[in-house]
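The sequence lines fix the lettering, A, B, ..., with proteins before strands; numbering per chain opens at 1.
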Protein chains: 4
Amino acid sequence: MPASSDTPSPTAAGKRARRKDARPSELLDAALELFVEKGFAATKVEAVAARAGVSKGTLFLYFPSKADLFRAVVQENLAARFADWNTEYEAMDGGSDSAADMLRHALQSWWTRVGSTKLTGLTKLVISEAQNFPELAACYHAEVVQPSQQLLRRVIQRGIDRGEFRPLDAEYAVYSVTSTILYLVMQKHAIGLVGPASGQLMPERYIASQLDIILHGLLGPAQGPPSRIPALS
Amino acid sequence: MPASSDTPSPTAAGKRARRKDARPSELLDAALELFVEKGFAATKVEAVAARAGVSKGTLFLYFPSKADLFRAVVQENLAARFADWNTEYEAMDGGSDSAADMLRHALQSWWTRVGSTKLTGLTKLVISEAQNFPELAACYHAEVVQPSQQLLRRVIQRGIDRGEFRPLDAEYAVYSVTSTILYLVMQKHAIGLVGPASGQLMPERYIASQLDIILHGLLGPAQGPPSRIPALS
Amino acid sequence: MPASSDTPSPTAAGKRARRKDARPSELLDAALELFVEKGFAATKVEAVAARAGVSKGTLFLYFPSKADLFRAVVQENLAARFADWNTEYEAMDGGSDSAADMLRHALQSWWTRVGSTKLTGLTKLVISEAQNFPELAACYHAEVVQPSQQLLRRVIQRGIDRGEFRPLDAEYAVYSVTSTILYLVMQKHAIGLVGPASGQLMPERYIASQLDIILHGLLGPAQGPPSRIPALS
Amino acid sequence: MPASSDTPSPTAAGKRARRKDARPSELLDAALELFVEKGFAATKVEAVAARAGVSKGTLFLYFPSKADLFRAVVQENLAARFADWNTEYEAMDGGSDSAADMLRHALQSWWTRVGSTKLTGLTKLVISEAQNFPELAACYHAEVVQPSQQLLRRVIQRGIDRGEFRPLDAEYAVYSVTSTILYLVMQKHAIGLVGPASGQLMPERYIASQLDIILHGLLGPAQGPPSRIPALS
DNA sequence: GATGAATGAGGCTTCATTCAT
DNA sequence: CATGAATGAAGCCTCATTCAT
């Protein structure tokens, strides 16, 4: 099988190429971490490069400026989540679960897929730098926040329509979920950094508690105590 | 010898002195606004001085460095709130209201005294810069967050003990209130800046909705519908 | 005369202020020299600042960028020459001298007012950087070159009309003068820098020689030998 | 064993070799153009390589540094002209033409062989970068400028000696020709770049005009109008 | 040889801080 | 005290040069 000839071996030629392909995402990962940790302004491009294991100059081969790196960090991770959200969206909307189960599932799957991962940093980042990068905040809002809220709103409305939930301000009721999520994100990346390890908020317990209260709060008063409310696995 | 000497007229001296005393707080106000608007790093000391109507040099007469100015901004406003919180604290603890009324009152008075004022910026600020100023975050946590949470926790516990509230995770139930507040703060200073004026969150309606859900969520299932839940004035 | 009171003495308050007023032109002078010596790219802003006796940062108090400094250097000196040119223009146009005398006077006064001064650097500069700063080249052309050429063209045309000069290509004849000037400028700032001090071009002799040839070249063949041709000073 | 080995086919090898030999001059051509267009500092080696159709790294196989590339550009083109100049030199010196014809011929042949070609860029380049590359300027002066001027000087002197030309400053009279050439070069590469296409200097007409004036200026007053002065074409 | 990814010294620019007036 | 001109350390970014493939 003398297939190999004067063409450089794929492995040899490839090592550099593979590095090259990997570089952008290595840099984006490093950048996400540092931007989340220190904020945009306090993060030095040299530190991002160092964390990605390359030199300052290399970063500029892939991103024309620090601000563009920042934008790429957001957009890249946005794209990554987008697919997930759509999947989730359809899975949930089409199901035949009760509205309560759907909300419970929404929060729990958010925790599994996002809340417990590094991706929460993205949310914190976008919020922290919203003033300095309004386009990104707008983009994030349009592509992540709005769709999610619409979905939740529909679920809640359906719950009301079916009589599962009390008649209430469906439009604003979503903020129960939204604020629950935001608090957890900020806890993880900002608030929770103060204080001793003891007394740290336990995410699962937090989510269980919030779900418990929210669902009790939404359910119609006549409703018997829903069997599975306290569960979170 | 009419006004001929080289000492400024008493009136002028007086005006100066009065202004002089006011300088620090004028600077602190200006700094609070700008730090909230743009973040610590993106705020130029010259801009703070300009907004306070003095020159760059003057700022450094009162604050030895930009970081110290930042610390002063936080501590000053912290102190300002401290008195209030203590008052509130006692007023609430000593009353004979129902636990639900106390929670309702807590949120509503937070809105009146803090949420609807410039002071929310402080919270946003401390959270945004928590990584870069951990002492401040710790201080804020110890002096503002912890006491409030303790108070709320006690109220909730009392509600449970009295049978007003369902038996639930009293320690974590406070986060219903905490997250409600945090969301409103971030909405005001970060999230809400994106998108058109329409679709903006209406604070009173938001608070009413959250209170409605939280209180419903906390109340014992047997409990008749509490009379004043939807109200917020 | 107790005119002095609590206002700071003009001398004291003024020293800084006077410096401040002087800074821009000190910097412009330093910049002109260095840009002429080394070109735009090879000149470091720090070197300009140092030659002006200030630090790097100070330069940026007066000029927003290196390119703007460059533009200011050109425009400033352009303005300076503008007045001169207009004066010259009128003095010459209105006179009753022979066309030959006018040309002779034009070249000689150019030498006195510009050629023998640091201002020649401006011409060299504009030409050297014409590609990188086309706006400036255009501006220089419109404000300095065009007017001068128009004036010279008119003088030559008048000489032809009056029969002083041979009938010739009046439009292109001006380049005799233009090229004479350009060569002297480039000699001074570029060509002349090579070679030993001996063998350096002597400006007055050069101008006399060129004038001699040009005027002989323009005068009508019938014309008797003009009396003052060889003179220069 | 037909072409199976890992050595490229002889044809391929030959093509490569031929290309390889051409590389340096392709790079020198590209470099000349770009250095003339943008100046030394503003020219990026990558742009030179790209215009020559090779990669950045390849350029450094042939030239150890950017400055060396620049030197090679000058020296290479210098060498190219050197032969020409010597030919010209002898052809002219030995002839039996009138001095006026020789000057006319000198300028016209300069235009044909140099002025109308890309080689003028070399002159512009050397002058523009004379300060930063004094060795090159010196070299150019010694090898191109000096010989030419000496030749022209001798022609003029002969014209004077023979009574064709007026008695005049033979040493400085050459600058009539020199400045004429320089102006055309700078016009082509710097001055002429400003302004609309209309109003551009027409080289032939320019040369004719200058020759007309110069020769009239040099000829003895008694001399009848030389028959062929206006011709160029 | 040829490539182009990687490097890092160096330049421009910002801005907190100082200090003469 | 107040001012604001001056400073210079520090950060972003460019680009000539190197070197593994």
Side-chain angles (χ1 to χ4, degrees), chain A residues 8-9 11-21 23 41-47 49 53-67 69, chain B residues 8 13 16-17 19-20 23 41-49 54-69, chain C residues 8-9 11-21 23 41-47 49 53-67 69, chain D residues 8 13 16-17 19-20 23 41-49 54-69:
Chain A
S9 88
T11 340
K15 201 174 293 175
R16 271 245 177 153
R18 241 177 294 121
R19 295 288 329 193
K20 199 207 163 181
D21 290 352
R23 280 286 139 75
T43 298
K44 289 177 260 196
V45 293
E46 201 157 10
V54 298
S55 78
K56 207 178 8 168
T58 302
L59 189 150
F60 288 97
L61 291 179
Y62 298 97
F63 304 97
S65 76
K66 190 188 179 184
L69 170 63
Chain B
R16 256 215 179 185
R19 278 203 62 88
K20 192 194 102 178
R23 284 284 148 77
T43 298
K44 288 179 259 194
V45 293
E46 193 158 17
V48 174
V54 299
S55 76
K56 223 182 341 177
T58 302
L59 188 152
F60 284 94
L61 290 177
Y62 295 99
F63 306 97
S65 76
K66 188 187 180 185
D68 285 313
L69 171 63
Chain C
S9 87
T11 339
K15 202 175 293 176
R16 271 243 175 154
R18 240 178 293 123
R19 295 288 326 188
K20 198 206 165 185
D21 290 351
R23 280 287 138 74
T43 298
K44 289 178 260 195
V45 292
E46 201 158 8
V54 299
S55 78
K56 211 177 4 169
T58 301
L59 189 152
F60 288 95
L61 291 179
Y62 298 97
F63 304 97
S65 76
K66 190 189 180 185
L69 171 63
Chain D
R16 255 217 180 183
R19 277 203 63 87
K20 192 194 101 176
R23 284 283 149 76
T43 298
K44 287 178 257 193
V45 293
E46 193 157 18
V48 174
V54 300
S55 77
K56 220 178 348 172
T58 302
L59 188 152
F60 283 94
L61 291 178
Y62 296 100
F63 306 96
S65 77
K66 189 187 179 185
D68 285 313
L69 171 63

Q: Whole-Å distance between E:dC12 C1' and C:Phe63 CZ?
A: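 Distance check: C:Phe63 CZ to E:dC12 C1' gives 16 Å.
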
Q: Using atom types as modelled and distance alone, determine if a side-chain donor or acceptor of B:Lys66 lies under 3.5 Å from a backbone N or O of B:Lys44.
A: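 No: the side chain of B:Lys66 does not pair with the backbone of B:Lys44.
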
Q: How close or far is atom P of E:dT17 from atom NZ of B:Lys44, stated in whole angstroms?
A: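 Taking atom P of E:dT17 as the reference, NZ of B:Lys44 is at 15 Å.
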
Q: Only pairs with both distances under 3.5 Å count, Watson-Crick or wobble alike; so what is the partner of F:dA10 in this structure?
A: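 WC or wobble partner is E:dT13.
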
Q: Should F:dA20 form a Watson-Crick or G-U wobble pair with both distances under 3.5 Å, which nucleotide is its partner?
A: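 The base-pairing partner of F:dA20, which may sit in any strand shown, is E:dT3.
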
Q: Whole Å only: how far is the NZ atom of C:Lys66 from the P atom of F:dC13?
A: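 About 18 Å, once rounded to whole Å.
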
Q: When the nearest nucleotide of DNA chain F is assigned to A:Val45 and to C:Gly53 on a heavy-atom basis, which residue is associated with the more 5' position?
A: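 It is C:Gly53, whose closest nucleotide lies nearer the 5' terminus.
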
Q: On DNA chain F, check which nucleotide each of A:Ala67 and D:Ser65 is closest to and give me the residue with the more 5' one.
A: A:Ala67

Q: Stepwise, does the side chain to side chain contact (heavy atoms under 4.5 Å, CB included) test hold for D:Phe60 with D:Val45?
A: CA-CA 9 Å; D:Phe60 283 94; D:Val45 293; 4.2 Å; yes

Q: So, taking the atom named OG in D:Ser55 and the one named CG in D:Leu61, what distance separates them when rounded to the nearest 0.5 Å?
A: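 Between atom OG of D:Ser55 and atom CG of D:Leu61 there are 8.0 Å.
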
Q: Near DNA chain E, which residues from residues 54-62 of chain A have a heavy atom under 4.0 Å away?
A: A:Val54, A:Ser55, A:Lys56, A:Gly57, A:Thr58, A:Leu61, A:Tyr62

Q: Which atom pair, heavy atoms only, marks the closest approach of D:Asp68 to D:Phe63?
A: O-CD2, 4.5 Å

Q: E:dT7 P sits how many Å from A:Glu46 CD, rounded?
A: 12 Å

